[in-house]
Amino acid sequence: MEFDWQIFVDALTSEAFVSGAALTIGLAAAAQAAAIVIGLGVALLRASPIAPLRWVAATYVWLFRAIPTLLQLLFVWNALPQLIPSLRDPWFTPFLAAFVALALNEAAYMAEIIRSGLNAVDKGQVLAGKTLGLTSGQVFRLIVMPQTIRVIIPPTGNEFITLLKLTSLASVISLRELLTITSQTVSVNFRFAELYTAATVWYLLIVSIFMLLQSRLERRYQWTSRAEGRRGAAAAVPAIVTVNR
Amino acid sequence: MSIDPAPTVPAEPGPMIEADNLVKRYGDFEVLRGVSLAVARGQVKVIVGPSGSGKSTFLRCLALLEPVDAGRVVLEQRDVSWKVGAGGGTERRLAPYRSQLCMVFQHFNLFPHLTALQNVMVGPMHVRHTPKRQAEAEAMALLDRVRLGDRAGRYPHELSGGQQQRVAIARALAVRPRVMLFDEPTSALDPELVREVIDVMEELAAEGMTMIVVSHEMRFAHEAANAIVMMDEGEIIEEAPPDRFFTAPGHERTQRFLQLVKT
Ligand SMILES: Nc1ncnc2c1ncn2[C@@H]1O[C@H](COP(=O)(O)OP(=O)(O)OP(=O)(O)O)[C@@H](O)[C@H]1O
Ligand SMILES: [Mg+2]
């Protein structure tokens, strides 16, 4: 059997594949965003002066990192509705279940990343902010956060790519994401090579676009003054201003 | 021009800033063992002393960046002390006083994600709530004053140490402090960059800024200080005007310390 380019292109551009890819991106982005927010909360709790709060946060990280993601997904989709009757209603869709499971799982990893990012900020930065009369909240928002973000962009990018691929786990709860679509189509026409390649191309495309966005974000956090043509040249002159007194 | 007949405001009776018997412990270790120091408006006092004697800790306590175990910090007759174990809301109460007791650090501690100009604008915009335009104009004027107007758009890592420290001084000035506290402002600098920072500090002193300066720059101490304060093992053991301090120190430990610094 030869590789049929027509089947490949048709699948690649089919409505099912496009919507599957969109669902994959949407699910990963939503879960990642929620994970950052929850992770920040957990990271802050882990640095809390109140011991029980630190324990709660540490337990969360331990639990959600220890249990396989697939099991968490199955738990949210199959077990939770048995425990909570209202989850049996139609509003609790596979997308929502996958979102909840992936966000909670990812939050445990983000908490650790954000915690180390917060620790990476020099304590002198906080002192410098406070001596100007900034409140603790202002110091956090204006000084600590931007410096933390810079540190956590690369590992968070890693996490997001992992998450993109983890969305394929949701095929077990019949969420119509990219891999589910592929499997369903394959089961009809058995063109494994063409369809798997089409799915591969979509994943490559999504990850490439994302990597581009990440590198632009990283550049924004370079904190280097723009190459200033003439002013840059002027800076080559010895910078020390000598003062005659 | 007519002479204003209004009576001049009587000089304030007490000092601008006063440390009254400050005690600070880290665990069992008593870093400050009852330190008292008073500085009048417009005075400059230089603190010297061996490494580990508690100079930085003393400044941080004065700047209300660390709570003290006992004693008082008095700013213009007002007790603004921050005691260990003070309840919630303390930091919010302290914030306005902190900006009046602004500290300049040994390692500059400029905000790396902000340009020189933005570093100086932080105080006016977020502490004094000055509109952005005006904050920018004020910051620019301050950068000019420390002779860095042409570096306003640079990020800290694009500046030399001496330039960074001058930006840090401008940043502190931007919150209009009543007292400035300098912790070894030139000791992280290459020798050829020390002068440009000292020049700015001497100008501030000449303009009447009340200053407490931890520094072993003997030239600054000679030219700008009203008094030199010797600290050792968490205590102030001697205070004297520069002439007497350097020529005829009263304390034997001071003599030994001066020998070390000179060599
Ligand atoms: N956060 C802290 N926790 C525990 N001990 C500390 C802390 N900060 C300072 N110390 C100790 O307190 C003592 C005084 O330190 P401090 O930094 O005030 O000295 P210093 O006079 O500024 O010294 P140097 O000239 O080296 O800067 C030192 O023994 C130091 O180890
Ligand atoms: Mg020190």
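Every heavy atom of this structure was used, including side-chain atoms; hydrogens, water molecules and symmetry mates were not. This structure is a prediction, so every number in the text was calculated from the model and none was measured. Proteins get letters first, then strands, A, B, ... in listed order; numbering begins at 1 in each.
A distance of 11.5 Å separates CG of B:Leu64 from NZ of A:Lys130, quoted to the nearest 0.5 Å. To the nearest 0.5 Å, atom CZ of residue A:Arg141 and atom NE2 of residue B:His126 are 6.5 Å apart. For the atom pair OG1 of B:Thr115 and CH2 of A:Trp223, the computed distance is 13.0 Å after rounding to the nearest 0.5 Å. To the nearest 0.5 Å, atom CE of residue B:Met180 and atom OG1 of residue A:Thr131 are 9.0 Å apart. How far CG of B:Asn119 is from CD1 of A:Ile143: 8.5 Å, rounded to the nearest 0.5 Å.
Each of B:Leu94, B:Leu110, B:Val104, B:Leu101 has some count of heavy-atom pairs under 4.5 Å with chain A, and the biggest count is that of B:Leu110. Chain A forms the most heavy-atom pairs under 4.5 Å with one residue out of B:Arg92, B:Glu91, B:His113, and that residue is B:His113. Chosen from B:Ala95, B:Pro112, B:Ala174, the residue pairing most often with chain A at heavy-atom distances under 4.5 Å is B:Pro112.
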*Derivation and outcome, side chain to side chain donor-acceptor pair (under 3.5 Å), residues B:Glu158 and A:Ser225*: CA-CA 8 Å; B:Glu158 300 170 324; A:Ser225 47; 2.8 Å; yes
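Minimum interatomic distance between B:Val175 and A:Leu132 (heavy atoms only, all atoms of both residues): CG1-O, 3.5 Å. For the pair B:Val127 and A:Leu134, the tightest heavy-atom approach, listed with the atom from each and the gap, is CG2-CD2, 3.6 Å. B:Arg171 and A:Ala128 make their closest contact through NH2-CB, 3.5 Å (heavy atoms, listed as atom of the first residue, atom of the second, distance).
With B:Asn109 contributing its side chain and A:Gly124 its backbone, the two residues share a donor-acceptor pair below 3.5 Å.
In this structure, A:Leu127 and B:Arg60 have side chains that are in contact, with non-hydrogen atoms separated by less than 4.5 Å.
By the 6.0 Å contact criterion, NZ on A:Lys123 is enclosed, its count of non-hydrogen atoms from other residues, nucleotides or ligands being greater than 12. The number of heavy atoms from other shown groups lying within 6.0 Å of CZ (A:Arg220) does not exceed 12.
Residue B:His107 does not touch chain A at all, counting heavy-atom pairs closer than 4.5 Å. When heavy atoms are compared at a cutoff of 4.5 Å, A:Thr224 approaches chain B by way of both its backbone and its side chain. Within the 4.5 angstrom heavy-atom criterion, atoms from both the backbone and the side chain of A:Gln125 approach chain B. Using a 4.5 Å cut-off between heavy atoms, B:Phe105 touches chain A through its side chain atoms alone.
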